[in-house]
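A quick write-up on the structure given underneath.
Naming convention: chains lettered A, B, ... in sequence-line order (proteins, then strands); numbering from 1 in each chain. Just so it is clear, the values below take in all heavy atoms, side chains as well, and ignore hydrogens, waters and symmetry mates. Quick caveat, the model's predicted, so the values are computed rather than measured.
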Amino acid sequence: MDTPRVRFAPSPTGYLHIGGARTALFNWLWARRNGGTFVLRIEDTDRERSTQAAVDAIFDGMRWLGLDWDEGPEVGGPHGPYFQTERLGIYAEQAEKLIREGKAYACYCTRETLDAQRKQAEAEKRQFRYPGTCRNLPYDPSRPHVIRFRVPETGSTTFVDLVKGPIETPHEVLQDEVILRGDGVPLYNFGAVVDDVTMRINLVARGDDHVNNTARQILMYEALGYPVPKFAHLPMILGADKARLSKRHGATSVTAYRDMGFLPEAVVNYLVRLGWSHGDQELFTREELVRYFDFKDVGATAGVFNPEKMAWVNHEWLKKLSDEELARRALPYFLAAGLPAADDAKLRHVCAVARERARTFGEYVQQFRYFYAPIQLDPKAKAKFLTADTKPILEAVRAGLAALETLETEAIEKLFHSEAEQRGLGLGKIAQPVRVALTGGTASPGMYDVVQILGKEETLRRLDDAIRLVG
RNA sequence: GGCCCGUUAGUCUAGCGGUUAGGACAUCGGCCUCUCACGCCGAGAGCAUGGGUUCAAGUCCCGUACGGGUCACCA
């Protein structure tokens, strides 16, 4: 087999979507696995909707995921330029060639007449197809026109999709579609084919919303006289209601997941497992993915995006990191939330206790903000644990801690145990009131850790606050 | 509506003619325990449906239903 040359060709009309990211990922994996080339091309021919901000967002998202491209914008390459709007000359040239060979022709129909015909067909409940009005008219470049591709009227085109198997399309369902607009800008099917041809792409892996484009594209490859690449159509990603994943299902941009505190390795791991599998294995390092990935293991069925499972995957990845690494990567999220964290021993300790308890850095910040900000006292916790009955306990613990030279775990533990024993109570009876005093709620890491993280001064202050509150 | 693709538990999936249908997320129960979590143990839950083919079908073929995609001078 040829060394693969694959590509990801997003149109810059928005952020990098989860689905697009997965398409890019599968292409990238295939290239990396086979020592091939991964090309990035920007399909910005829809000038109405394409924006520079979107281009930047796509680069940003891909870099965050670690999907580096071998050829494309910013890195260059021998088959550039890599923005379609900079390739207009190439499309014109290829279209001219097709016209000369009678494989394409100029169509002078106006939008108005076409629209009228379409409406007419609709009224008669007919399927509208371009009637071929201009099929055999002489070429007159001086008249306003678009270029249409001449599709054979009979026969069919078949290709073997790498994930779906053989797919046959009868030519009757196709029509002479526009390949070049009046202003010389190519339409999707033509632009993509010309670019894939000139960029020497030999495997096209894309969303399966493109299966119906494939036959007409193959016809164009043949008309242009170029070899037809292999195709792999990847199943769609759905929302919980089985409709195509969209904003109304929640966050769909990869950067949104970054901002929520997901690790790129976890997002990659989750995304690749949505539609691809390798036996029973759930967690994969990037190296393993590169080693194992194959289109033959991509399933043919659309999958529902499940944020819960992605959070689980993220948690698994978080748990693998050292305290140092965890702190380093969590820091920006605390800072972004306005919490005065620093890359220090305290943060490392916070991360060490957060590790088993929170699945994303967003959850870290949300659950453990009391380590960096005043507590928010839960009224129910207060009513239950900050009472006249528990006041003596708080006072005793306060006094005990105040008397400690250093906050060694053993010393704190001894204090709590002796308070429990002296009162003939379980440890929980001591720990819960203290927990509420120090964290504001009834669920938190172990008390010894909490005390150590807060430090003696802050711990005593919070206990004093609680004691005062009880009155 | 035409055409195309798909259908294993709530979800992601393994399976590739003979399995007690396996794993994971989620859910529920138990153990551990200063709370929460982690961890460990356990449970419930699945081959859309009807016909074929075959000694034998989740696996092959056809129909039906359901879901998705696509029918532009969008990509």
If pairing means Watson-Crick or G-U wobble with both distances under 3.5 Å, then the partner of B/C3 is B/G69
Testing B/U11, B/U13, B/G39 for proximity to the side chain of A/Leu274, the answer is B/U13
**Study point:** Touch class at under 4.0 angstrom, heavy-atom based, for A/Gly446 against every strand present
**Key:** base
**Asked** Checking all strands, does A/Arg49 fall into the base, sugar-phosphate, or nothing category for heavy-atom contacts under 4.0 angstrom?
**Response** base
Any strand, both distances under 3.5 Å, Watson-Crick or G-U wobble: B/U11 pairs with B/A24
- Message: What I want to check is whether an N or O donor and acceptor connect the side chain of A/Asp208 with the base of B/G69 at under 3.5 Å.
- Response: no
Taking only the P atom of each, what is the distance from B/G50 to B/A57 in whole angstrom?
14 Å
Applying the 3.5 Å cut-off to both distances, the Watson-Crick or G-U partner of B/C32 turns out to be none
Practice problem: May I ask you to evaluate whether A/Lys242 reaches the phosphate of B/U11, defined as a side-chain N or O under 4.0 Å from OP1 or OP2? | Solution: yes
Taking only the P atom of each, what is the distance from B/A21 to B/C36 in whole angstrom?
38 Å
Between B/A45 and B/C3, how far apart are the two P atoms, rounded to whole Å?
41 Å
For B/G50, the nucleotide meeting Watson-Crick or G-U wobble distances (both under 3.5 Å) is B/C62
Output yes when a side-chain donor or acceptor of A/Asp297 lies under 3.5 Å from a complementary backbone atom of A/Phe293, and no otherwise. no
* Answer yes or no: does a side-chain N or O of A/Arg118 lie under 4.0 Å from OP1 or OP2 of B/A72? => yes
Using Watson-Crick geometry (N1-N3 plus N6-O4 or O6-N4) or G-U wobble (N1-O2, O6-N3), each under 3.5 Å, B/A45 is paired with none
A/Val146 near the nucleic acid: base, sugar-phosphate alone, or nothing, with a heavy-atom cut-off under 4.0 Å? base
- When we call it a touch if two heavy atoms are under 4.0 Å apart, what does A/Pro235 touch: a base, just sugar-phosphate, or nothing? nothing
Answer for the Watson-Crick or wobble partner of B/A56, both distances under 3.5 Å, is none
